[in-house]
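What follows is one structure encoded as structure tokens, with my remarks underneath.
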Amino acid sequence: MTPLLLALAGLFAAAFLAATVIPFQSEAVFIAMQAANVATVATLVAVASLGNTLGAFVNYAIGARVEQYRDRRWFPARPAQLKRAQRWFARYGVWSLLLSWAPLLGWFTLVAGIMRTPLWQFTILVAIAKTVRYTLLAWLTLRAVELVA
């Protein structure tokens, strides 16, 4: 594997993990790779967006199966919290997935699984959100580099 492919695989993995329930941030990896000019900005945005979108499917799958465990003692959310999240998602609908780009709002993808959002809607909205996230990050990084130079 070439160094470029290895670096892009690392970015993909970082973005994938950052979208899951595992606490991880991909921004530092993305910014470092952009600053080092490892690949074109378009390539970095595409790889990170794809990884982050696919990682969101992990949350969706967890959400789709979480209901069967809600009465277990080890379950991380109380029934009231789960009901509140479901009511919120039912009120604002699938459009709230456009906010899934924000690290603190990634739980929307889990609730989308609980609510059985159609996969085609989930995929389109999450892909848009994640691509906007990394495009904005690339633009901010470019502006910061210009200010320093």
Side-chain angles (χ1 to χ4, degrees), residues 1-67 69 75-77 81-149:
M1 190 177 276
T2 68
L4 174 61
L5 286 179
L6 194 58
L8 292 175
L11 176 60
F12 179 90
F16 185 94
L17 286 174
T20 67
V21 293
I22 298 170
F24 194 82
Q25 296 298 315
S26 61
E27 291 82 2
V29 175
F30 184 93
I31 291 168
M33 290 181 72
Q34 183 180 352
N37 204 23
V38 170
T40 67
V41 172
T43 299
L44 295 176
V45 168
V47 169
S49 299
L50 180 63
N52 212 242
T53 300
L54 292 177
F57 278 91
V58 171
N59 290 352
Y60 182 94
I62 291 170
R65 289 163 184 77
V66 77
E67 289 283 329
Y69 301 111
F75 192 73
Q81 291 174 309
L82 200 53
K83 279 289 183 205
R84 190 172 351 132
Q86 288 173 304
R87 278 194 314 270
W88 192 93
F89 196 83
R91 179 176 181 188
Y92 295 104
V94 295
W95 297 108
S96 61
L97 289 171
L98 289 172
L99 300 175
S100 66
W101 64 269
L104 294 177
L105 300 178
W107 63 271
F108 289 172
T109 58
L110 190 121
V111 176
I114 293 171
M115 301 297 286
R116 303 294 195 268
T117 300
L119 276 176
W120 70 269
Q121 286 181 321
F122 179 85
T123 303
I124 291 169
L125 294 172
V126 170
I128 290 169
K130 304 302 188 165
T131 302
V132 167
R133 171 190 183 174
Y134 287 105
T135 301
L136 182 60
L137 182 59
W139 181 79
L140 290 171
T141 301
L142 181 62
R143 292 295 157 269
V145 169
E146 289 175 352
L147 286 174
V148 173

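- Judged by distance alone, the side chain of N59 and the main-chain N or O of V21 form a donor-acceptor pair under 3.5 Å.
- Between the side chain of S96 and the main chain of G93, a donor-acceptor pair closer than 3.5 Å is present.
- Put simply, CD1 on I114 and OH on Y60 are 11.0 Å apart, with the number rounded to the nearest 0.5 Å.
- No donor-acceptor pair under 3.5 Å is formed between the side chain of T53 and the backbone N or O of L50.
- Checked against a 6.0 Å centroid threshold, the rings of F108 and W88 count as neighbours.
- Nearest heavy-atom pair, T131 versus T135, reported as atom, atom and distance to 0.1 Å: O-OG1, 2.7 Å.
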**Message:** Using the rule given for side chain to side chain contact (heavy atoms under 4.5 Å, CB included), can you reason through W139 versus L136, listing the C-alpha separation, both sets of side-chain angles and the distance that settles it, and then say yes or no?
**Reply:** CA-CA 5 Å; W139 181 79; L136 182 60; 4.2 Å; yes

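- Taken to the nearest 0.5 Å, the CG atom of L125 stands 9.0 Å off from the OG1 atom of T117.
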**Request:** Take W101 and V132 through the test side chain to side chain contact (heavy atoms under 4.5 Å, CB included) and record every step on the way to the result.
**Result:** CA-CA 8 Å; W101 64 269; V132 167; 5.9 Å; no

**Request:** Starting from the C-alpha separation in whole Å, work towards a yes-or-no answer on side chain to side chain contact (heavy atoms under 4.5 Å, CB included) for V41 and L142.
**Result:** CA-CA 10 Å; V41 172; L142 181 62; over 6 Å; no

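- The salt bridge (charged side-chain N to carboxylate O under 4.0 Å, His left out) search around R143 returns E146, not counting sequence neighbours.
- For the pair F30 and A48, the tightest heavy-atom approach, listed with the atom from each and the gap, is CD1-CB, 3.9 Å.
- Nearest heavy-atom pair across R116 and G63 is NH1-O, 4.2 Å.
- We find the CG-CE distance between L4 and M33 to be 7.5 Å, quoted to the nearest 0.5 Å.
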**Message:** Evaluate S26 against Y134 for side chain to side chain donor-acceptor pair (under 3.5 Å), listing each step before the verdict.
**Reply:** CA-CA 10 Å; S26 61; Y134 287 105; 2.5 Å; yes

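- Expressed to the nearest 0.5 Å, how far CG of L110 lies from OG of S100 amounts to 12.0 Å.
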**Message:** Quick one, F122 with F57, criterion ring pair (Phe, Tyr, Trp, His ring centres under 6.0 Å). Give me CA distance, side-chain angles, the key distance, then yes/no.
**Reply:** CA-CA 9 Å; F122 179 85; F57 278 91; 5.2 Å; yes

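- The CD atom of Q34 sits 6.5 Å away from the CG atom of L44 when rounded to the nearest 0.5 Å.
- To the nearest 0.5 angstrom, T20 atom OG1 is 9.5 Å from N52 atom CG.
- Side-chain atoms of R133 do not come within 3.5 Å of backbone N or O of A102 as any donor-acceptor pair.
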